[in-house]
4 protein chains.
Amino acid sequence: MLSTVDGSFMSSPEAPALRADARRNRARILESGAAVFAERGASASTEEVAARAGVAIGTVFRHFPTKKDLLQAIIKDLLERLTDEVNALASEGDPATALFTFFGRMVREAAEKKTVADLLAADMGAGIQVAGPVQTLQEAIGTLLTGARHAGAVREDVRLDEVLALLTATCQGALSAGWDPDLRRRTLAIVFDGLRP
Amino acid sequence: MLSTVDGSFMSSPEAPALRADARRNRARILESGAAVFAERGASASTEEVAARAGVAIGTVFRHFPTKKDLLQAIIKDLLERLTDEVNALASEGDPATALFTFFGRMVREAAEKKTVADLLAADMGAGIQVAGPVQTLQEAIGTLLTGARHAGAVREDVRLDEVLALLTATCQGALSAGWDPDLRRRTLAIVFDGLRP
Amino acid sequence: MLSTVDGSFMSSPEAPALRADARRNRARILESGAAVFAERGASASTEEVAARAGVAIGTVFRHFPTKKDLLQAIIKDLLERLTDEVNALASEGDPATALFTFFGRMVREAAEKKTVADLLAADMGAGIQVAGPVQTLQEAIGTLLTGARHAGAVREDVRLDEVLALLTATCQGALSAGWDPDLRRRTLAIVFDGLRP
Amino acid sequence: MLSTVDGSFMSSPEAPALRADARRNRARILESGAAVFAERGASASTEEVAARAGVAIGTVFRHFPTKKDLLQAIIKDLLERLTDEVNALASEGDPATALFTFFGRMVREAAEKKTVADLLAADMGAGIQVAGPVQTLQEAIGTLLTGARHAGAVREDVRLDEVLALLTATCQGALSAGWDPDLRRRTLAIVFDGLRP
DNA sequence: GATGAATGAGTCTTCATTCAT
DNA sequence: GATGAATGAAGACTCATTCAT
């Protein structure tokens, strides 16, 4: 993946201009947070995130005043990275396969890193708000879908919300059940078959 | 549904006979536990389960020495009920549609009652062991699949583990995303299409 | 069972019927809380209150779900006790001296036990609500004042709010400065002189 | 008021000369500290003092190595200002009214600015030492008292410690109860009446 | 000197679990 | 067996204080 975690050289203009060490810590906290929450679920302790990031607990709370803020930031980060991937596929790849490629990649990552859908699922309920980034990602996937339809790789009557539903479902399934590569391939083959004309 | 919640007259032979009120309490705890954990997730407090069951907290722990035991019992209960449903479909229904019927019913319930997959997903990770009942359910579903294949309703090369993977995935997806009936129908249509010859 | 359900034969009607040991603990927590907060101020730790009461921290929070609740209960308790005293004086004592007697007693206790005014002052700001009990106490003192005026012991134009202001002020002063008995006597003598015709 | 806030040109001889900006910062910290602690009580955070002073937290701790030091400095400052006021009244004003004038002014300020007595009361307990400045102020007030006695405005048997006790008490009372001007006038009228022959 | 990020002990609060009643 | 009070280990969060930049 090309994007940097800390967004160091292109931080958004209104950001408070963090010191180099602070930026480094922020990035490490996000990273360890993603790992810890993916492994242990959203109820893992902030202390463990701090420990894995190699900082004191206070540092985590300085960067993210609330556990919810931390969770939200991790998810946002993840969503942005996914959106970047989708956009790259949309501009480079073959429209007939780009959607399936992204779909497969996302499910594989969910199974391997146990990150994406768990966070999306486990915590949405807790009032976490990431509406903006989610919509951006969805629109990007919509572009892939349109391309695939035009290329005749996907049925004309398939709508975006079904695709998103299938994507979310398979990510969560792969995640919680730990699909091995072969099972993943066979399961997705069925879904992809269902999408084709 | 025919199964009893408390399993009163078929408890394992060596278990000491429960007093009538104890049996009643056990059943009510399982029931309220299913409701509470489905609504609030597995991190809901045991106290709340007790309150909704109308018993004191001590009573819950007398029946289930550990929260994990309670969760396990609830899941087991659920699995047994599902197995009964599958078996009923297998012996009565049309083999060509039975699998799809069960699939659709389970996803609908997940979406409506937020029970099945949430428990299965959220807590499997915590070391809960329900291997036996799960296998029983899986075998029952296997029967449905075989019937469907023989009836020509499902492709010959589709294996049970893919079907289970798709079932789990869509249940979780429906659950966490709250699919409305129309979205559920369209999403499952794609999956079913993928399963057909 | 022959014993009564709550075991308490004279608790106030709407009270939740505490067990004997719980009632004992509740009382001890209120007592140690009054002492600790008076000594160390309202920012003393709940842990210390628990320790002095000889219970675990959880017990304090079972009885008073919030630190604020604890503070409020202590103050209410105090106010009720004071109101009782005032009422006793109003019905028994000499109207010409009852007000002065109560005034002096309250200031002496403030100086000795460092309780009354500190709590009243330190915590009122934190959103603690004891409006009811406070008003009850004030009305009781009002009765004393009326009696004293009728007896010619206090000037006709002295109103209740001034008396309360002087009472609060001297309590706080005695409390924070630790007036010794002699200083207290001389200081109150001046105030009482100011109140007389 | 004549005293400078920063005490720049009269700092103790051995203290290293502060840079102009450092002197300015010290003054602003004292000022914002007085405001913040008066508003929020002594448990307000040092961070807030820094923010209101427009400096970083490190700067506060460079000037006052400990929160206690900061509190102590604020109180000292306050006491010195009060002493100046008393001295001015002692040398200029009418001895018969000077004491009452000062008394009334101090109580009014307490009620309005919530500063004086709060700090004096709330923090004395925490081991803050300002014995020297306090004694200086007390002696200055003693001069006012002597003048008032000689002028026949105050009873011969009234001693300084009672006057100070009444002053402290009414300041605290006015402060915590927020006496309005009318109540303040009536309450002080009673106290003054008690002091007169 | 100023800055503000990092530290970590301390505080409030929750909750699974135990046990006296 | 049922009750619900007590326990105490965690967990989220705060804040005085230190120190690298």
Side-chain angles (χ1 to χ4, degrees), chain A residues 16-26 43-48 50 54-70, chain B residues 16 18-23 25-26 43-48 50-51 55-68 70, chain C residues 1 3 5 7 16-26 43-48 50 54-68 70, chain D residues 16 18-23 25-26 43-51 54-70:
Chain A
L18 293 175
R19 245 160 51 179
D21 54 345
R23 215 159 50 210
R24 209 162 30 241
N25 277 339
R26 199 192 125 94
S43 65
S45 82
T46 313
E47 189 82 46
E48 195 180 340
V55 300
I57 183 67
T59 303
V60 175
F61 280 93
R62 160 171 273 264
H63 284 282
F64 308 97
T66 281
K67 187 179 180 179
K68 198 173 126 185
D69 289 327
L70 174 57
Chain B
L18 291 176
R19 254 163 44 179
D21 58 341
R23 219 159 47 210
N25 278 341
R26 200 191 125 92
S43 64
S45 81
T46 314
E47 190 81 46
E48 195 180 339
V55 301
I57 183 67
T59 304
V60 175
F61 277 89
R62 163 168 278 269
H63 284 283
F64 308 95
T66 279
K67 187 179 182 181
K68 199 172 125 184
L70 172 58
Chain C
M1 248 177 281
S3 63
V5 174
L18 291 177
R19 246 162 49 183
D21 55 345
R23 218 163 42 214
R24 208 163 30 241
N25 276 339
R26 200 191 125 93
S43 65
S45 83
T46 312
E47 189 81 46
E48 194 179 341
V55 300
I57 182 69
T59 303
V60 175
F61 279 91
R62 160 170 272 264
H63 286 281
F64 308 97
T66 280
K67 187 180 180 178
K68 198 172 126 184
L70 173 57
Chain D
L18 292 176
R19 255 165 42 181
D21 57 342
R23 217 158 50 208
N25 278 341
R26 199 191 125 94
S43 65
S45 81
T46 314
E47 191 81 47
E48 195 179 339
V49 175
V55 302
I57 183 68
T59 304
V60 175
F61 278 89
R62 163 168 279 268
H63 283 283
F64 308 96
T66 280
K67 188 179 180 178
K68 201 172 123 184
D69 290 326
L70 172 59

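In what follows, chains carry the letters A, B, and so on, assigned in the order in which the sequence lines appear, proteins first and then strands, with residues in each chain numbered from 1.
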What is the distance, to the nearest angstrom, from the CZ atom on B:Arg62 to the P atom on E:dA20? 14 Å

Return yes if some donor-acceptor pair links the side-chain N/O of A:Thr66 with the main-chain N/O of A:Asp69 below 3.5 Å, else return no. no

Given DNA chain E, 5'-ward residue of the pair B:Gly58 and C:Ala44, judged by closest heavy atom: C:Ala44

Interatomic distance where CG belongs to A:Asp21 and C1' belongs to F:dT18 [whole Å]: 14 Å

Could you check which of F:dT17, E:dA9, E:dG1 has an atom nearest any side-chain atom of A:Ile57? E:dA9

Which is true for A:Ala50 with a 4.0 Å heavy-atom rule: it touches a base, it touches only sugar-phosphate, or it touches nothing? nothing

Hey, what do you get for CZ (D:Arg26) to CG (D:Leu70), rounding to the nearest 0.5 Å? 9.5 Å

Out of F:dA5, E:dA16, E:dT3, whichever nucleotide has its closest atom nearest the side chain of B:Thr46: E:dA16

Can you check whether B:His63 has a side-chain N or O nearer than 4.0 Å to OP1 or OP2 of F:dG1? no

How many Å lie between CZ on B:Phe64 and P on E:dT18, as a whole number? 16 Å

Distance in angstrom units between C:Arg26 CZ and F:dA6 P, rounded: 12 Å

Could you tell me how far apart D:Glu48 (CD) and F:dT14 (P) are, to the nearest whole angstrom? 14 Å

Do the non-hydrogen side-chain atoms of B:Arg62 and B:Thr59 ever get within less than 4.5 Å of each other? no

Of the candidates F:dA2, E:dC12, E:dA5, the side chain of A:Ala22 sits closest to E:dA5

In whole Å, I'd like the distance from the CZ atom of B:Phe61 to the P atom of F:dA2. 15 Å

Rounded to whole Å, how long is the line connecting atom CZ of C:Arg24 with atom P of E:dA20? 14 Å

Using a cut-off of less than 4.0 Å, is there contact between a side-chain N or O of D:Asn25 and OP1 or OP2 of E:dG1? no

One should read off an interatomic distance between A:His63 NE2 and A:Arg23 CZ, to the nearest 0.5 angstrom, of 11.5 Å

Nearest nucleotide by nearest heavy atom, which residue falls closer to the 5' end of DNA chain F, A:Glu47 or C:Ala56? C:Ala56

Name the residue closer to the 5' end of DNA chain F, choosing between A:Pro65 and D:Pro65 according to the nucleotide with the nearest heavy atom. A:Pro65

Looking at every heavy atom in both B:Val60 and B:Ala50, which two are closest together, and how far apart are they? CG2-CB, 3.6 Å

Look at the side chain of C:Lys67 and decide which nucleotide, out of E:dT13, E:dT18, F:dA6, has an atom nearest to it. E:dT13

Base, sugar-phosphate or nothing for A:Thr59? Non-hydrogen atoms, less than 4.0 Å. base

So what is the 5' to 3' dot-bracket string for DNA chain F, if pairs are Watson-Crick or G-U wobble with both distances under 3.5 Å, crossing pairs use [ ] and | means the partner sits on another strand? .||||||||||||||||||||

